[in-house]
Amino acid sequence: MIELTGVSRWYGDVIGLNDVNCRIGSGVTALLGQNGAGKSTLMKLITGQIRPTTGEVRVFGNDPFSNTQVFEKLGYCPDIDSFPEHLSGREFVYRMGRMMGYDHETGVRRTEDVLQQVGMSDRADRSVKGYSKGMRQRIKLAQAIFHDPDLLLLDEPLNGLDPVGRREFMDVLQGLAMRGKAIVVSSHILFEVEQMTRSILLLHRGRLLASGDVSEIRDLIDRYPHRIKIRGDRAREMAGRFAELPFVVSLSVNEALDEVEVQTRQAGDFYAVVGDLAAEGFGIWEIESPDNNLESVYEYLVGAQ
Amino acid sequence: MIGVAFTGALRDFVRPGRIVTWLLIAVVVGIVGRIWVGFQPGQELATYGQVVEVLVFRVLALAAAIFGMQVLAAEVEQKTIVYLLTRSIPRPSLLIGRSLASFAAVLGASWAAWLAAGLGVLGPRAFQTPGFWWDAVVILLGVLAYGTLFIFVSLVLNKAMIYCLLFAFGWETFVPNMPGDLYYLSIYPYLKSIAGHAEIEREAKGMMDVLAGQVTGMGVPVAASWAVLLGLVVVLGGLGVWWFGQREYVPREDVE
């Protein structure tokens, strides 16, 4: 569906994307990377807003730049929070739909359909200006799915949503995926991505760092020691027990904070032992894994290459 | 698809608040014309011509700059261009549809100012005055010429509004009064030539004569004026459509 071959994109002296090769097929694929990693550049290339400086982008076998044949089958939910603020949500979606070539009657009907799909039917006649962040995201999704596209690209769709909004938004996406749509979602939050899909593309500083199943990324991470901090009432005694474990690489105790910091190669097994200690009567107040975030993943992966 | 782009854009351009603003501007033009004719008794027709050239043509240029920027430059600034460029409407249709909508809006604002000028200076007999209705055609030509030029500039340059306003109120005011051939590079003398208004008869030239481009007394033949302005519309219109089809339009901070 999407094929990038040796794609690089420069903005003057700044490189946005560096020699990316990948293929994206059906199902939900997550584009994962920190801010500035090149996710939006990749999205803009796929949606034909910009051209690659070198290399080739193909969507449905065609060059997407300004290609209406591609746009007929592609829906795009951009990361921007900009709208024609004087319009109501319904007017905005309707107008976007009309520009996909639908006549008035079909446009009105499809507008109502997609507004219902994103749960905005009852609030769509209010001005976009007064919408909450979540409502704006839903309206953006509505205009993207108006023409029932085969491929849906969502650039940071969960940004700024509260937990309930995220859950609802993800439900909508899952519904679309179940209907056989190919969905590409960009995000900088690994946790979020894991809830949506197993298939990821990991971008870092314009380079495609890893691709495949998210568990492979987790495995990559597991090659490197996890740092875990535990606070409890018998820190020194806990540390003694951890020292006996074969998968603990290092440990340190901070008695002033009642804290043990452990580095382990098998985080899952280690957490099981912590559970056992709690069952034995050790008071465990807090478990923190500073590594369990995407920045650490990048550090690991960049370090590994 | 051009029709869809046209109607959608026109609804944006002629919102109630904007209509009121342009009607107020027209009323001001009419009032100024009424006062102006009081200072030049016996020269109503020439005064009407001067009001059209000094005020109506500038209202036209101002409206062309403002609505010309709304065609695409404002969409880029507000980042909403992404919605337009990921539709299945071809870029030429999008540009043509939105440009026609801007021309319609400029024409409405300019004709309102022209009618107000006629009524202010000549009163109800303006409608029977020879040459009055011809100005409607001249204004239409001016809308196309200024509109096409400003839209083209907005497609090519960032912050085009500044350049367009400088052109409309700086270049178009001073160049027609300068000796030499530089005035061929402005739109105003061609419009003035096609309009063919009578000029005020007096020996000493004043500020109004400067604003009306009547200092040097040079003119352009009418046929040449038509050729130049229509040529400008066709050439810049075609170039604009081609350019818009080739160029990337992403909000500026996204590029940085």
Side-chain angles (χ1 to χ4, degrees), chain A residues 9-14 16 36 40-41 43-53 64-87 91-104 107 128 139-140 143-144 146-147 149 153 155, chain B residues 1-21 70-98 101 155 158 240-256:
Chain A
R9 169 67 198 205
W10 290 81
Y11 298 108
D13 294 336
V14 179
S40 290
T41 297
M43 287 282 191
K44 287 188 176 84
L45 284 163
I46 295 169
T47 53
Q49 296 175 69
I50 58 174
R51 293 190 181 94
T53 311
F65 184 81
S66 186
N67 188 334
T68 54
Q69 282 181 313
V70 170
F71 298 147
E72 282 170 8
K73 294 186 271 186
L74 180 153
Y76 179 49
C77 179
D79 61 338
I80 55 161
D81 191 33
S82 306
F83 290 90
E85 302 280 344
H86 60 285
L87 296 181
E91 280 175 308
F92 173 67
V93 174
Y94 168 79
R95 278 201 197 176
M96 293 299 111
R98 285 298 308 275
M99 286 213 270
M100 296 303 297
Y102 291 89
D103 59 29
H104 171 70
V128 174
I139 287 295
K140 278 198 290 184
Q143 62 81 30
F146 185 95
H147 52 299
L153 290 118
D155 200 352
Chain B
M1 290 297 249
I2 289 176
V4 172
F6 172 80
T7 49
L10 193 60
R11 279 185 193 156
D12 285 341
F13 296 163
V14 294
R15 279 180 265 160
R18 292 181 178 179
I19 293 174
V20 170
T21 304
Q70 298 290 313
V71 172
L72 284 164
E75 300 283 347
V76 175
E77 286 292 319
Q78 292 158 18
K79 301 184 177 184
T80 45
I81 186 81
V82 60
Y83 298 117
L84 300 177
L85 297 187
T86 51
R87 303 291 117 190
S88 56
I89 181 171
R91 284 194 184 194
S93 302
L94 180 67
L95 179 62
I96 292 168
R98 291 182 66 85
L155 292 172
N158 290 325
V241 168
W242 175 80
W243 184 272
F244 183 58
Q246 304 299 313
R247 202 184 153 194
E248 296 170 357
Y249 287 89
V250 282
R252 202 172 302 122
E253 54 267 49
D254 287 0
V255 175
E256 288 164 354

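First the proteins, then the strands, lettered A, B, ... as listed; each starts at 1.
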Fill in the blank from the handout: Applying a strict 4.5 Å limit to non-hydrogen atoms, the region of A:P84 in contact with chain B is both
Problem - Results of side-chain contact (heavy atoms from CB on, under 4.5 Å) for A:T47 - residues two or more places apart only - result: A:Q49, A:L74, A:Y76, A:L153, B:T86
Exercise for the section: Under 4.5 Å heavy-atom distance to chain B, tell me which part of A:R98 shows up: side chain, backbone, both or neither. Expected result: both
Problem - Which of B:T7, B:I89, B:D12 touches chain A most, by non-hydrogen pairs under 4.5 Å - result: B:D12
Handout entry: B:W243 (side chain) donor-acceptor with B:L155 (main chain) under 3.5 angstrom
Key = yes
Problem - Minimum-distance pair of heavy atoms, taken over all atoms of B:S93 and B:A5 - result: O-CB, 4.1 Å
Problem - Pairs where residues 240-249 of chain B contributes a residue and the test salt bridge (Lys or Arg N to Asp or Glu O under 4.0 Å) is met, not counting sequence neighbours - result: A:R9-B:E248
Problem - When A:Q69, A:H147, A:M96 are compared by non-hydrogen pairs under 4.5 Å with chain B, the top option - result: A:M96
Exercise for the section: Determine the interplanar angle of the A:F92 and A:F83 rings, folded into 0 to 90°, and report it as parallel if under 30°, tilted if 30 to 60°, perpendicular if over 60°. Expected result: perpendicular
Handout entry: Residue selection (most heavy-atom pairs with chain B, distance under 4.5 Å) from A:E85, A:M100, A:K140
Key = A:M100
